[in-house]
There are 2 protein chains.
Amino acid sequence: MDNNNKIINDIDAIPSLVQSKRQIDRYNLDIDAQAILVASRLMAAGAKLGHASEIHFSRFGLSTGRYRLLADLEDNEGEELPSQLAEHLGVTRATVTGLIDILERDGLVSRRTSSDDGRQRTVILTEKGAKKLREMAPEHFARLEAMVGLLNIDERSVFLDLLDRVTQGISALTGELGSKPKGNISNE
Amino acid sequence: MDNNNKIINDIDAIPSLVQSKRQIDRYNLDIDAQAILVASRLMAAGAKLGHASEIHFSRFGLSTGRYRLLADLEDNEGEELPSQLAEHLGVTRATVTGLIDILERDGLVSRRTSSDDGRQRTVILTEKGAKKLREMAPEHFARLEAMVGLLNIDERSVFLDLLDRVTQGISALTGELGSKPKGNISNE
DNA sequence: GAGATATAATTAGGCACCTAACTATATAAG
DNA sequence: CTTATATAGTTAGGTGCCTAATTATATCTC
């Protein structure tokens with residue numbers, strides 16, 4: 001027998017409203033249980049999506065980060081500095097170095113030292129890298145489209161709007177307590 | 001000077017519609033650009049939230065996973081088997097072992113070998129663990145509530161509904177190509 | 001032009017989570 | 001009762017991402 005604990009991730013413990021309510025009641029907090037439910041569900045969805053994304057890209061021998069790096073290179077005429085890549089992807093330079101290491105090992109990108117600034121190392125999308133993107137595009141985009149297939153056009157617009165505002169709200173987790181995120185408040 | 005690349009994560013490269021359109025056009029695919037935008041934004045939001053969550057919990061000396069484990073224990077009279085925890089949290093038993101190791105080291109939970117089945121090890125929420133949850137609850141829930149503060153009550157309901165359907169759609173990334181996720185389709 | 005300082009990329013080491021292999025106990029079959 | 005098999009938990013090793021420290025180059029100031 002190989003792996004006996006494979007089903008676990010499919011059960012997907014999604015948080016319920018009862019659960020949220022119980023947690024709040026336990027400490028007599030003046031908090032809206034539904035708000036907590038939304039937050040919990042979004043966290044669960046984010047984790048699930050992240051995991052699914054890794055599985056998706058691993059089919060093409062890539063990780064989420066390495067695919068995003070390749071796609072960004074393609075969007076910039078196949079040539080960028082590591083620091084630009086880090087900014088575009090929203091990760092640190094250290095992470096970019098690691099991503100490039102593996103992509104270079106696999107021949108999908110190459111590094112070249114810049115002529116005008118000896119500190120810079122230009123990252124170049126190789127023909128093999130471009131081919132990889134070309135080959136995976138149909139399936140990749142079809143799957144992404146299928147993912148939101150249960151929403152119709154109008155619902156997608158609404159979802160985008162709401163998601164955008166919740167995304168702004170994420171700073172409430174990391175920022176000053178009580179400081180409101182910038183943006184128009186449609187509440188209260 | 002300590003860290004010169006700290007600002008990077010605040011810029012937050014959010015994907016744009018133009019970007020999605022360009023990628024699709026490049027390969028002449030018959031794909032709805034807005035669908036791709038929704039998928040990309042959700043991925044970005046998920047990653048951002050995951051990161052913010054770790055920062056949030058690290059203020060209390062916990063990680064996201066370790067907090068969820070403690071909260072689940074509290075929800076089950078402070079006593080559970082590792083396998084139950086794994087199922088509730090949606091992670092593997094190996095991961096649970098690691099979470100417990102650190103929580104036990106910090107005195108927030110303890111392990112006890114079961115009397116009726118020698119293979120089982122009951123995990124118990126200690127008084128210190130319960131106190132930790134009690135102390136962090138007000139700030140924790142206040143921050144979660146603030147996160148969705150830019151949505152009013154009605155919008156939260158709508159968001160929950162849409163998010164739920166998109167979450168179902170995530171299986172399109174990992175499952176058979178062309179297989180539709182179960183659930184009522186409000187589209188087409 | 002020498003020394004301080006800024007910047008680009010990398011290396012070193014850490015955490016969360018994973019899969020696969022292993023250990024120990026329990027149970028079923030001959 | 002012994003051998004095979006299932007199950008609970010752990011260990012070993014890998015990936016993705018992080019922060020902090022390091023190396024190498026460029027620039028600014030005297």
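A, B, ... follow the sequence lines: proteins, then strands. Residue 1 opens every chain.
Contact between the side-chain N/O atoms of Ser83(A) and the OP1/OP2 oxygens of dA9(C) is found at a separation under 4.0 Å. Residue Arg111(A) places at least one side-chain N or O under 4.0 Å from the OP1 or OP2 atom of dT10(C).
The separation between Gln120(A) atom CD and dT25(D) atom P is 13 Å, rounded to whole Å. Spacing between atom NE2 of His51(B) and atom C1' of dA16(C) amounts to 12 Å, rounded to whole angstrom units. Atom CG in Leu103(B) sits roughly 13 Å away from atom P in dT10(D) (whole-Å rounding). To the nearest angstrom, C1' of dT15(D) lies 20 Å from OH of Tyr67(A). Rounding to whole angstrom units, CD of residue Glu87(B) and C1' of dA8(D) are separated by 14 Å. Atom P of nucleotide dA9(C) and atom CG of Leu69(A) are separated by 12 Å, given to the nearest angstrom. Between the CD1 atom of Ile55(A) and the P atom of dT15(D) there is a distance of 16 Å, given to the nearest Å. Phe57(A) places its CZ atom 11 Å from the P atom of dC17(D), with the value rounded to the nearest Å.
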Run Asp25(B) and Lys21(B) through salt bridge (Lys or Arg N to Asp or Glu O under 4.0 Å) and show every step you take.
CA-CA 6 Å; Asp25(B) 288 350; Lys21(B) 201 161 274 171; over 6 Å; no
What's touching nucleotides 23-29 of chain C from the protein side, N or O pairs under 3.5 Å?
from    : atom 1 : to        : atom 2 : distance (Å)
dA26(C) : OP1    : Gly118(B) : N      : 2.8

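Distances were taken from every side-chain heavy atom of Arg121(B) (C-beta onward) to each of dT10(D), dC17(D), dC17(C); the shortest belongs to dT10(D). The side chain of Thr95(A) approaches dC17(D) more closely than any other nucleotide in the set dT11(D), dC18(C), dC17(D). Set against dT10(C), dT11(D), dT19(C), the side chain of Arg93(A) has dT10(C) as its closest nucleotide. Of the listed nucleotides (dG16(D), dC17(D), dA12(D)), dG16(D) has the atom at the smallest distance from the side chain of Ile102(A).
Checking Thr174(B) against Ser171(B) by side-chain atom types alone, no donor-acceptor pair falls below 3.5 Å.
The closest side-chain heavy-atom distance from Leu49(A) to Leu173(B) is below 4.5 Å.
Less than 6.0 angstrom separates the ring centroid of Phe159(A) from the ring centroid of Phe159(B). For His140(A) and Phe60(A), the ring centers sit 6.0 Å or farther from each other.
The hydrophobic clustering, which links ILVMFWY residues whose side-chain heavy atoms are closer than 4.5 Å, places Ile102(B) and Leu108(B) apart.
Contacts of Ser63(A) with the nucleic acid, taken as non-hydrogen atoms under 4.0 Å apart, involve only primed sugar atoms and P, OP1 or OP2.
Pairing each heavy atom of Ser157(B) with each of Gln34(A), the nearest pair is OG-NE2, 3.2 Å.
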